[in-house]
Amino acid sequence: MTRHKYKVTRHKLQARDKLSEKKVIKKKVIFIVGPTAGGKSTTAVILAKKINAEIISCDSMQVYKHMDIATAKITKEEMQGVKHHLIDIIDPSQEYNVALFREKVTRFIKEIHKKKLIPLLVGGSGLYMQILLDGIFDDNKSSFKIRKKLDAKADEKGLGVLYNRLVELDPEAAKAIHSNDRRRIIRALEVFYSLNEPITEAKKKRHGIWNEYNVLLYGLSIERKLLYQRINERVDRMFQDGLIREAESLCENYSLSKSASGALGYKELFNYFKGEYDLIEAKRLIKRNTRRYAKKQMTWFNKENRIEWIDVLGSDTPLEIAGKIYKNAENKL
RNA sequence: GCCGCGAUAGCUCAGUUGGUAGAGCGCGGGACUGAAAAUCCCGGCGUCGGCGGUUCAAUUCCGUCUCGCGGCA
């Protein structure tokens with residue numbers, strides 16, 4: 001009888017929705033985010049098959065070809081026929097960034113919807129998630145040149161000079177940026193010079209997909225200790241799978257772009273190749289840096305209060321995790 | 001059994017000519033709009049092995065005990 005009651009309320013609600021907002025016809029977009037080594041990829045494939053979804057990678061490094069092992073890229077077999085977007089799309093020598101990501105993703109979402117399928121965003125890049133949800137302002141094409149100049153100026157005259165300049169031009173931004181944060185100081189100045197307005201103003205002009213679609217945002221939450229254990233084990237496995245060989249060939253065949261050279265796993269090995277430390281140390285550093293990365297990811301996701309958290313236990317299989325998400329999403333699908 | 005050496009932050013150790021201590025690593029927290037797996041910020045009271053003695057004051061000196069390492073028997 002409780003069931004009957006529930007049914008009635010639901011009908012009423014649906015009727016009301018139809019009358020008022022267009023909410024009902026908003027198309028769905030599902031996210032699975034969470035720290036590295038948390039089991040997102042396999043879980044996503046299972047879920048995708050269950051709900052007829054195509055997967056879009058929300059990851060800043062898996063876009064690179066030939067960087068497979070250290071980025072823990074999903075293999076063709078593991079994809080099980082589920083379409084994956086934004087994996088293996090550019091060479092390691094090419095640059096990639098959030099704006100590019102956003103542009104491509106918004107296009108893919110529309111295409112997938114056209115096919116009557118659900119876009120399933122999967123990844124751990126917090127900024128990418130946030131920009132997609134809330135949008136980005138349009139940049140000016142000249143800004144790249146300006147950045148180069150500012151970069152040179154910082155080397156020449158010191159970062160303090162640039163920071164002081166920012167304090168004059170955009171005090172609000174200067175207040176929020178630490179005087180040692182070179183990246184952000186240069187970016188803020190670059191925006192000011194190219195757009196003729198403070199970055200803080202520019203940031204207000206944006207539109208993301210959060211309001212455009214019915215977004216279901218899930219985060220995989222795992223106990224820290226267990227996560228670290230998984231990371232350490234996974235790095236060991238990477239070495240067994242030929243990480244060193246992959247890094248060697250990457251080193252020989254490509255000059256990595258700035259964005260690609262940030263990838264964990266390769267930079268530590270490159271330094272080992274140069275003789276800066278031994279292999280044991282390289283491995284230790286990869287594990288440590290990956291642990292730190294996971295922690296930073298958690299910092300990002302923890303402050304995102306739109307995330308619905310799915311608790312992952314050590315004994316949970318990807319099938320079970322996908323089940324938990326499905327159960328939660330069922331009513332909303 | 002004897003002779004050395006050591007015992008200080010989770011780990012490796014530094015240090016205090018006696019006024020209750022600090023680096024590295026590990027770890028924790030945070031910021032974040034075009035390199036984001038990047039960049040940057042913040043975080044260390046710990047019975048200085050136990051007990052006793054000297055002293056105004058001991059983690060620092062002395063004695064003793066316990067444990068660890070090395071050497072000699």
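Proteins get letters first, then strands, A, B, ... in listed order; numbering begins at 1 in each.
In this structure, A/Met298 atom CE and B/C32 atom P are separated by 17 Å, rounded to whole Å. Remark: P of B/A31 and CD of A/Gln130 are 12 Å apart, rounded to the nearest angstrom. In this structure, CZ of A/Arg206 is placed 12 Å from P of B/G34, rounded to the nearest angstrom. Straight-line distance from the CD atom of A/Glu190 to the P atom of B/U33: 12 Å, rounded to whole Å. Atom CD1 in A/Ile199 sits about 14 Å away from atom C1' in B/U39, given to the nearest Å. Atom NZ of A/Lys295 and atom C1' of B/G43 are 11 Å apart (whole Å). Across the protein-nucleic acid pair, A/Met129 atom CE and B/C32 atom P stand 13 Å apart, rounded to whole Å. Taking atom CG of A/Asn232 as the reference point, atom C1' of B/C27 lies 13 Å away to the nearest angstrom.
Partner of A/Arg187 under the salt bridge (Lys or Arg N to Asp or Glu O under 4.0 Å) criterion, chosen from A/Asp170, A/Asp139, A/Asp151: A/Asp139.
With B/U33, B/A37, B/A35 as the candidates, the nucleotide lying closest to the side chain of A/Ser60 is B/A37. Listed candidates were B/G30, B/U33, B/G34. Nearest to the side chain of A/Lys296 is B/G30. Closest to the A/Arg291 side chain, of the nucleotides B/G29, B/C32, B/C27, is B/C27. Proximity note for A/Arg284 (side chain, C-beta onward) versus B/C25, B/A37, B/A38: the nearest is B/C25. Among the nucleotides B/G28, B/U33, B/A38, the one closest to any side-chain atom of A/Tyr228 is B/G28.
For the pair A/Leu127 and A/His178, both in contact range of RNA chain B, the more 5′-proximal nearest nucleotide belongs to A/Leu127. Mapping A/Gly126 and A/Lys303 onto RNA chain B by nearest heavy atom places A/Lys303 at the nucleotide closer to the 5' end.
Applying the 4.0 Å criterion to OP1 and OP2 of B/A36, one finds that A/Tyr128 has a side-chain N or O inside that range. Considering only side-chain N and O atoms, A/Ser125 lies under 4.0 angstrom from the phosphate OP1 or OP2 of B/A37. Taking only side-chain nitrogens and oxygens, A/Thr299 comes nearer than 4.0 Å to OP1 or OP2 of B/G30. At the phosphate of B/C41, OP1 or OP2 sits under 4.0 Å from a side-chain N or O atom of A/Asn180. At B/G28, none of the side-chain N or O atoms of A/Arg292 fall inside 4.0 Å of OP1 or OP2 (strictly under the cut-off). Regarding contacts with the backbone of B/A38, a side-chain N or O of A/Lys267 is found under 4.0 angstrom from either OP1 or OP2. For B/C32, neither phosphate oxygen OP1 nor OP2 lies less than 4.0 angstrom from any side-chain nitrogen or oxygen of A/Arg183.
Taking all atoms of both residues into account, the shortest heavy-atom contact from A/Val63 to A/Asp59 is CG1-O, 3.9 Å.
Ring pair A/His113/A/Tyr213 is tilted by interplanar angle, where 30° to 60° counts as tilted.
Nucleotide B/U20 is matched to nothing when pairs are restricted to Watson-Crick or G-U wobble geometry with both distances under 3.5 angstrom. Base pairing analysis places B/A38 opposite nothing; no Watson-Crick or G-U wobble pair with both distances below 3.5 Å involves it. Checking B/C72 for Watson-Crick or G-U wobble geometry (two distances, each under 3.5 Å) identifies B/G1 as its partner. If you check B/A7 for Watson-Crick or wobble pairing at under 3.5 angstrom, you find it paired to B/U66.
No continuous path of ILVMFWY side-chain contacts below 4.5 Å connects A/Leu319 to A/Ile74, so the two sit in separate hydrophobic clusters.
A donor N or O paired with an acceptor N or O is found under 3.5 Å between the base of B/U39 and the side-chain atoms of A/Arg184. Scanning atom types as modelled, one donor and one acceptor separated by under 3.5 angstrom connect the side chain of A/Arg187 and the base of B/G34.
Between A/Ile186 atom CD1 and A/Arg147 atom CZ the span is 9.0 Å, to the nearest 0.5 Å. We find the CG-CD1 distance between A/Leu226 and A/Ile231 to be 10.0 Å, quoted to the nearest 0.5 Å.
Side-chain contact of A/Thr71 with A/Gln62: a donor-acceptor pair under 3.5 Å is absent, judged by distance alone.
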